[in-house]
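Counting starts at 1 for both ligands and their atoms, in listed order. Treat the numbers as computed from the prediction; the structure is a model and nothing was measured.
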Amino acid sequence: MRKFNIGIIGYGGMASYHHKKIGKPENVVFVSAFDISKKRLEKAQSEGLFVYDSFDEFIKNDNLDAVLIATPNNSHKDYAVRAMNEGKHVICEKPVSLNSSELEEMIAVSKANGVIFTVHQNRRMDKDYRIIRKILKDDTLGEIFRIESRVQGSRGIADTWRRKKECGGGMMYDWGVHLIDQILMATESKVTSVFAEFQYISQSEVDDNFRLTMTFENGLSALVEIGTCNFIMHPIWYVAGKEGTAQIDYWNLEGRIFKLINKDIKWEDEIPSSLVGPSITLAPRAEDTMKCLPLPEPDIVPEDDYFYKNFAEAILRKTELLIKPEETMRTMKIIDLAFESGRENKVINCNI
Ligand code: NAD
């Protein structure tokens, strides 16, 4: 069995997670690390890796087949290009780049060198998302007209490079990239407009809160919202179809589906009075016209080593890459437009 040696660029929190926690098949081995921090190199060494404080020495190693890039976001493109030009296959942490033109360059360099290039969009396999995918696949809710996906916390944005604009900090690059990717992977229709509002609540340099609305050709409207100053949180998923609504409350996967079993509505002659007050339109629906269902099981439960196994098999051309850089291009284009929309405070029409 052919063995693949991987070197890590940036041995921080996420790289350590890749090294110690993410499953890998036997033929994928992390062997080395390069970092600009002496402390992190010591950590990498203590965890069994050969360490380098020079990128050139690190990358010019013939025993290295591939690299994992897990540095702050502003350096992904340069390291990927340099590594691919040395003939190394590349796994890049998300966001793959700061914008779609950087990504175009990365894809061109990967093609020119005939190397595999993928992005760690790991949240495509999260259980909450896979439950939503199952609901969509089974057509449980009828025609879907609204998807809302949210991640919210209350501790502000971490006081690291994540708060620095020049490093590609901010919540759009941090979490927005995951949630947009998830929604785009779940919808075949094209995005026809983008509107985004950014807020700077706990500091003034990078977005720590934003709301992004994407409108699709088929009429679907999708909201992605990230907040870091929410002491009460919205549900993480809310999906509305013409015949039902699904909600996932939180990461513990509690939630429910309300499904219509009788579409007929008997409108009252007189305005009914309910908790809503006098309203004929918003008075509650008769209980026996709906049923409450539990959330289904996720459509996919991957093996621990699915990501690295796929990477190794893709290098051997035995299978397609699970996460193709061209897919992340769509996400980066949406992010470009979201920033433009936020700057100009207007809806941007598109065909993505
Ligand atoms: P971190 O700050 O813990 O680690 C970054 C590491 O890079 C540090 O060791 C730092 O010394 C090193 N570094 C900084 N600048 C460098 C440079 N120019 N050259 C070489 N090394 C450099 O950050 P992190 O949380 O590990 O995030 C790293 C990347 O991983 C980011 O792109 C982030 O978005 C991504 N990430 C992904 C997930 C996920 O679920 N996919 C989760 C967390 C982070």
J.: Check which hydrophobic residues are tied to Ile265 through side-chain heavy-atom contacts below 4.5 Å, counting indirect links as well, and list them.
T.: Trp267, Ile280
J.: Anything under 30° is parallel, anything over 60° is perpendicular, the rest tilted; go ahead and classify His19 against Tyr11.
T.: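 Correct class here is perpendicular.
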J.: Identify, with sequence neighbours excluded, every residue that meets side-chain contact (heavy atoms from CB on, under 4.5 Å) alongside Asp78.
T.: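 Scan of Asp78 (side-chain contact (heavy atoms from CB on, under 4.5 Å), adjacent residues dropped) gives none.
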J.: Quick check: Phe339 with Phe198 (ring centres under 6.0 Å apart)?
T.: yes
J.: Taking side-chain contact (heavy atoms from CB on, under 4.5 Å) as the test, write out the residues that go with Asn27, two or more places apart.
T.: Met1, Phe4, Pro25, Ala312
J.: More than 12 foreign heavy atoms under 6.0 Å from NZ of Lys43: is that the case here?
T.: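 Counting neighbours around NZ of Lys43, 12 or fewer heavy atoms of other residues, nucleotides or ligands fall under 6.0 Å, so no.
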J.: Can you list every pair where an N/O of ligand 1 is under 3.5 Å from an N/O on the protein?
T.:
{"residue": "ligand 1", "atom": "2 (O)", "partner": "Trp161", "partner atom": "NE1", "Å": "2.9"}
{"residue": "ligand 1", "atom": "3 (O)", "partner": "Gly13", "partner atom": "N", "Å": "2.8"}
{"residue": "ligand 1", "atom": "9 (O)", "partner": "Gly12", "partner atom": "N", "Å": "3.3"}
{"residue": "ligand 1", "atom": "9 (O)", "partner": "Asp35", "partner atom": "OD2", "Å": "2.7"}
{"residue": "ligand 1", "atom": "11 (O)", "partner": "Asp35", "partner atom": "OD1", "Å": "2.6"}
{"residue": "ligand 1", "atom": "19 (N)", "partner": "Tyr79", "partner atom": "OH", "Å": "2.6"}
{"residue": "ligand 1", "atom": "23 (O)", "partner": "Trp161", "partner atom": "NE1", "Å": "3.2"}
{"residue": "ligand 1", "atom": "25 (O)", "partner": "Arg162", "partner atom": "NH1", "Å": "3.1"}
{"residue": "ligand 1", "atom": "25 (O)", "partner": "Arg162", "partner atom": "NH2", "Å": "3.0"}
{"residue": "ligand 1", "atom": "26 (O)", "partner": "Gly13", "partner atom": "N", "Å": "3.3"}
{"residue": "ligand 1", "atom": "26 (O)", "partner": "Met14", "partner atom": "N", "Å": "2.7"}
{"residue": "ligand 1", "atom": "32 (O)", "partner": "Thr71", "partner atom": "O", "Å": "3.2"}
{"residue": "ligand 1", "atom": "32 (O)", "partner": "Asn73", "partner atom": "OD1", "Å": "2.6"}
{"residue": "ligand 1", "atom": "32 (O)", "partner": "His76", "partner atom": "NE2", "Å": "3.0"}
{"residue": "ligand 1", "atom": "32 (O)", "partner": "Lys94", "partner atom": "O", "Å": "3.2"}
{"residue": "ligand 1", "atom": "34 (O)", "partner": "Asn73", "partner atom": "OD1", "Å": "3.3"}
{"residue": "ligand 1", "atom": "34 (O)", "partner": "Lys94", "partner atom": "O", "Å": "2.8"}
{"residue": "ligand 1", "atom": "34 (O)", "partner": "Lys94", "partner atom": "NZ", "Å": "3.1"}
{"residue": "ligand 1", "atom": "40 (O)", "partner": "Asn122", "partner atom": "OD1", "Å": "3.4"}
{"residue": "ligand 1", "atom": "40 (O)", "partner": "Asn122", "partner atom": "ND2", "Å": "3.1"}
{"residue": "ligand 1", "atom": "41 (N)", "partner": "Glu93", "partner atom": "OE1", "Å": "2.9"}
{"residue": "ligand 1", "atom": "41 (N)", "partner": "Asn122", "partner atom": "OD1", "Å": "2.8"}

